[in-house]
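All values below were derived from every heavy atom in this structure, side-chain atoms included, with hydrogens, water molecules and symmetry-related copies excluded. Chain naming here is simple, since letters A, B, ... match the order of the sequence lines and numbering starts at 1 in each.
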Protein chains: 2
Amino acid sequence: MHKSHGQRIGYLSRMSHRYFSEKLGAMGIGPGQTFILKSLYHEDGVHQESLVDNCQLHKANVARALAKLEENGLVKRESDLNDKRAKLIRLTPKAIEIKDDFFTAFRSWSEMLTQGFTDKEKELSFELLDRMAANVEPYYGDKNN
Amino acid sequence: MHKSHGQRIGYLSRMSHRYFSEKLGAMGIGPGQTFILKSLYHEDGVHQESLVDNCQLHKANVARALAKLEENGLVKRESDLNDKRAKLIRLTPKAIEIKDDFFTAFRSWSEMLTQGFTDKEKELSFELLDRMAANVEPYYGDKNN
DNA sequence: TTAATATAGTTGCGCAAGCAACCAAGAGAG
DNA sequence: CTCTCTTGGTTGCTTGCGCAACTATATTAA
């Protein structure tokens with residue numbers, strides 16, 4: 001049977017959860033925390049709100065993911081003294097320690113996806129996904145993710 | 001920040017849930033039931049097991065999705081007399097009635113994704129997703145989805 | 001024929017995600 | 001200064017999903 005874009009994307013998304021659970025679960029990272037953590041490795045000490053933007057997740061889920069990361073000792077949340085509503089998120093030494101393992105697992109998923117792709121195809125597959133996401137953003141990007 | 005294949009795919013998957021909820025919710029179809037229904041429109045009166053294969057979903061979720069579809073009057077489940085363990089799934093007249101609306105909504109999501117794509121790019125985006133899925137299947141396809 | 005094994009489907013559990021309602025703190029307008 | 005409005009974050013509720021354990025029927029082997 002013909003399978004649609006949507007079906008393929010859903011399948012890949014579900015499989016990625018299984019993959020990340022398997023690879024990162026032992027470090028105390030659930031599949032719902034991967035992108036948040038990745039964003040923090042890229043830029044640490046940010047407001048929770050900027051993680052909402054970066055990861056395009058709902059603020060409720062960012063709150064819960066961070067609670068979990070904190071519980072597992074990967075992140076610290078402290079109030080911003082300049083704005084007592086806001087919280088600053090910082091990676092712990094434990095998180096820094098596992099950074100390499102994290103990225104290894106992270107990259108290996110991309111490599112699994114693009115097995116047998118030429119460099120051109122790898123680039124193109126990424127670009128097309130990016131454009132699909134960009135097509136959707138106007139409809140869903142504004143409100144609250 | 002550079003966003004990975006994984007992140008884009010996850011985003012698109014989540015947005016598709018929102019889209020389908022919005023478009024199909026009124027007909028009593030949740031985003032988790034779309035692909036099952038689509039498969040049934042393609043081939044009706046099948047075993048639950050073949051939906052598991054077609055939709056690459058876990059059998060537990062197929063069971064629950066069908067329970068919900070039955071609850072909403074879109075599907076009937078009857079025991080197969082030749083194998084009393086198995087159940088045959090059939091669309092109701094109500095499901096047939098909304099078929100066109102269903103496919104309209106369904107296609108409009110694909111069209112949203114591929115806005116501004118050339119025909120070549122549409123085809124290519126589909127093909128690349130297909131190959132990514134095929135790359136993953138050996139690792140996750142066998143067990144039980 | 002009976003005992004072991006496999007298979008179709010269901011259920012309990014836990015995680016991820018969106019929505020809506022909420023709280024507390026800041027910002028602006030009178 | 002106070003009253004309203006906005007904004008960062010949390011919590012309760014619901015849905016989707018995978019895993020593991022379970023029931024009931026089928027199949028196969030002894």
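- When rounded to the nearest whole Å, the span between CG of A:Leu57 and C1' of C:dG18 equals 11 Å.
- Mapping A:Gly32 and B:Lys87 onto DNA chain C by nearest heavy atom places B:Lys87 at the nucleotide closer to the 5' end.
- By the 4.5 Å heavy-atom criterion applied to side chains, A:Lys23 and A:Trp109 are not counted as neighbours.
- For the pair A:Gln48 and D:dT10, the criterion of a side-chain N or O lying under 4.0 Å from OP1 or OP2 is met.
- When each of A:Ala86 and A:Asn61 is assigned the nucleotide of DNA chain D bearing its nearest heavy atom, the one mapping closer to the 5' terminus is A:Ala86.
- The residue among A:Lys84 and A:Pro31 whose nearest nucleotide of DNA chain C is located toward the 5' end is A:Pro31.
- Partners of A:Glu43 under the salt bridge (charged side-chain N to carboxylate O under 4.0 Å, His left out) rule, at least two apart in sequence or in another chain, do not exist in this structure.
- To the nearest angstrom, P of C:dG26 lies 12 Å from NE2 of A:His47.
- Separating the CG atom of A:Leu51 from the P atom of D:dG8 is a distance of 13 Å, rounded to the nearest angstrom.
- A salt bridge does not link A:Glu49 to A:Lys59: none of the charged side-chain nitrogens sits closer than 4.0 Å to a carboxylate oxygen.
- Taking a cutoff of 4.0 Å between a charged side-chain nitrogen and a carboxylate oxygen, A:Glu22 and A:Arg18 do not qualify as a salt bridge.
- Summarising the geometry, the separation between CG on A:Leu66 and P on D:dT10 is reported as 8 Å, rounded to the nearest angstrom.
- Computed from coordinates, the A:His58 NE2 to C:dC22 C1' distance equals 13 Å when rounded to whole Å.
- Side-chain N/O atoms of B:Lys59 include none lying less than 4.0 angstrom from OP1 or OP2 on C:dT10.
- A donor-acceptor pair is defined here as one N or O able to donate and one able to accept, closer than 3.5 Å; no such pair exists between the side chain of B:Asn54 and the backbone of B:Ser39.
- Within the 4.0 Å cut-off from OP1 or OP2 of D:dT23, not a single side-chain nitrogen or oxygen of B:Arg85 is found.
- Between B:Arg90 and B:Glu78 there is a salt bridge, since a side-chain N of the basic residue sits under 4.0 Å from a carboxylate O of the acidic one.
- The distance from atom CD1 of B:Ile29 to atom C1' of D:dG16 is 16 Å, rounded to the nearest whole Å.
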Cut-off 3.5 Å, no hydrogens considered: what does the side-chain donor-acceptor table look like for residues 93-100 of chain A, sequence neighbours left out?
{"unit_1": "A:Lys94", "atom_1": "NZ", "unit_2": "A:Asn72", "atom_2": "O", "d": "2.8"}

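- Taking atom CD on A:Glu22 and atom P on D:dC19, their separation rounds to 9 Å, with Å as the unit.
- What separates CD of B:Glu49 from P of C:dT10 is a distance of 12 Å, to the nearest Å.
- Nearest nucleotide to the A:Met15 side chain, out of C:dG18, D:dG18, C:dC15: D:dG18.
- Using a 4.0 Å cut-off on heavy atoms, the residues of residues 70-82 of chain B that approach DNA chain C are B:Arg77, listed by number.
- Donor-acceptor pairing under 3.5 Å, judged by distance alone, is present between the side chain of B:Arg64 and the base of C:dG12.
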